[in-house]
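The basis for the numbers below is simple: all heavy atoms, side chains too, and nothing from hydrogens, waters or symmetry mates.
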Amino acid sequence: MRFPGHGHRRQPDDIVIGPLDLSTHVDEALAVQAVAFGLGADEVAVRRQIVLRHMTYPGAHALGATSAERLVGFVYGMPNDRTHWWSTVVEPYLRAQGHDVWLDDSFVITELHVHPRYQNRGVGRSLITTITDGAREPRSILSAIDTDSPARGLYHSLGYQDLARQVLFPSAPKPYAVMGAPLPLRRR
């Protein structure tokens, strides 16, 4: 349900999806990511600097999911730029599959995390569909750990297809899959 004039979407359990000033709330967001993704303090410190840098990029924006004034999930993204680090890593993998055109005119989902206590309630789905609904680009791309996971199941249900698999990021212990979908995302 949308609140007229507010741009917020209400979820079950009084969870509200709305704009998030990620630069101001970076520590709250990374606390959610640390629990959801199993990050240690050192990784959180590195990611903090990355998030703050990303939020200075043109078109970067974030949404949060709040419950009783507590952040329980967030998503952020931006128009893709081939000069950004992520693009330079995934480009050879996409080119090898004939999919490097996906790096142009795409909105990249940089991070999407929901606290484990709030997963499987449609929060992640609402976050990603709401942020991509506002994108000007005709398609979206993202990367996810290359395993059969609930996150990849969600992305597939929204219309994302595997563009490249077994993508290795420096210092990441597991391979990733790069996925892409035309916008708007498919609804259930």
Side-chain angles (χ1 to χ4, degrees), residues 20 22 26 28-51 53-54 60 62-65 71-78 80-82 84-100 102-103 106-132 135 139-183 185-186 188:
L20 174 66
L22 191 53
V26 65
E28 293 168 70
L30 290 176
V32 170
Q33 184 176 5
V35 172
F37 215 55
L39 301 178
D42 290 343
E43 282 183 291
V44 168
V46 169
R47 288 176 186 250
R48 186 178 198 281
Q49 298 308 312
I50 292 168
V51 169
R53 183 179 68 244
H54 283 166
L63 297 175
L71 190 68
V72 300
F74 74 100
V75 64
Y76 81 93
M78 64 197 82
N80 194 52
D81 185 323
R82 281 183 180 255
H84 292 166
W85 177 82
W86 181 85
S87 288
T88 64
V89 173
V90 303
E91 190 272 336
Y93 294 93
L94 292 173
R95 186 173 7 94
Q97 299 299 317
H99 295 302
D100 61 312
W102 278 84
L103 293 172
S106 293
F107 185 82
V108 64
I109 301 297
T110 308
E111 299 287 350
L112 170 62
H113 299 285
V114 177
H115 192 285
R117 280 184 268 171
Y118 294 87
Q119 291 176 3
N120 301 312
R121 299 183 188 189
V123 176
R125 178 178 296 277
S126 289
L127 284 166
I128 195 170
T129 58
T130 303
I131 200 166
T132 58
R139 57 187 164 218
S140 173
I141 55 176
L142 56 80
S143 56
I145 293 176
D146 195 359
T147 61
D148 185 20
S149 66
R152 290 209 351 111
L154 168 64
Y155 303 142
H156 283 299
S157 76
L158 293 167
Y160 284 89
Q161 299 295 316
D162 293 337
L163 302 174
R165 300 198 56 193
Q166 299 297 301
V167 175
L168 301 174
F169 288 99
S171 76
K174 298 177 183 176
Y176 280 70
V178 176
M179 305 174 77
L183 295 179
L185 294 177
R186 183 170 59 214
R188 279 190 181 189

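- Between Q33 and L39, some side-chain heavy-atom pair lies under the 4.5 Å cut-off.
- We find the CG-OH distance between L158 and Y155 to be 9.0 Å, quoted to the nearest 0.5 Å.
- Counting only distance, with no hydrogens or angles, the side chain of H156 and the backbone of Y160 share a donor-acceptor pair below 3.5 Å.
- Scanning all heavy atoms of the two residues, the minimum distance from P116 to V35 falls at CD-CG1, 3.4 Å.
- In terms of heavy atoms, V32 sits closest to V114 at CG1-C, 4.0 Å.
- Note that the CD atom of Q97 and the CG atom of L163 stand 9.0 Å from one another [nearest 0.5 Å].
- When atom types are taken as modelled, the side chain of D146 and the backbone of Q166 share a donor-acceptor pair closer than 3.5 angstrom.
- Taking CG of D100 as the start and OH of Y93 as the end, the distance is 15.0 Å to the nearest 0.5 Å.
- H84 places no side-chain N or O within donor-acceptor distance of the main-chain N or O of W86, the cut-off being under 3.5 Å.
- Here the shortest heavy-atom pairing between W85 and P170 reads CZ2-CD, 3.7 Å.
- Between the side chain of T130 and the backbone N or O of L127, no donor-acceptor pair lies under 3.5 Å.
- Counting only distance, with no hydrogens or angles, the side chain of S140 and the backbone of A181 share no donor-acceptor pair below 3.5 Å.
- Although no hydrogens or angles enter the test, the distance criterion places no donor-acceptor pair under 3.5 Å between the side chain of S106 and the main chain of L103.
- The minimum heavy-atom distance between G124 and L154, with the atom names listed, is C-CD2, 4.1 Å.
- Atom-to-atom distance recorded for Y76:OH and L112:CG is 11.5 Å, nearest 0.5 angstrom.
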Worksheet item: Checking side chain to side chain contact (heavy atoms under 4.5 Å, CB included) for the pair I145/R152: CA distance, chi angles, key distance, verdict?
Response: CA-CA 8 Å; I145 293 176; R152 290 209 351 111; over 6 Å; no
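- The two residues L22 and A29 come nearest to each other via the heavy atoms CD1-CB, 3.5 Å.
- The shortest non-hydrogen separation linking L63 to L20 is C-CB, 3.6 Å.
- The stretch residues 167-181 participates, sequence neighbours left out, in no side chain to side chain donor-acceptor pair (under 3.5 Å) pair at all.
- Here the CZ atom belonging to F37 is positioned 12.5 Å from the CG atom belonging to L30, to the nearest 0.5 angstrom.
- Rounded to the nearest 0.5 Å, atoms CD (E111) and CG (L142) are 10.5 Å apart.
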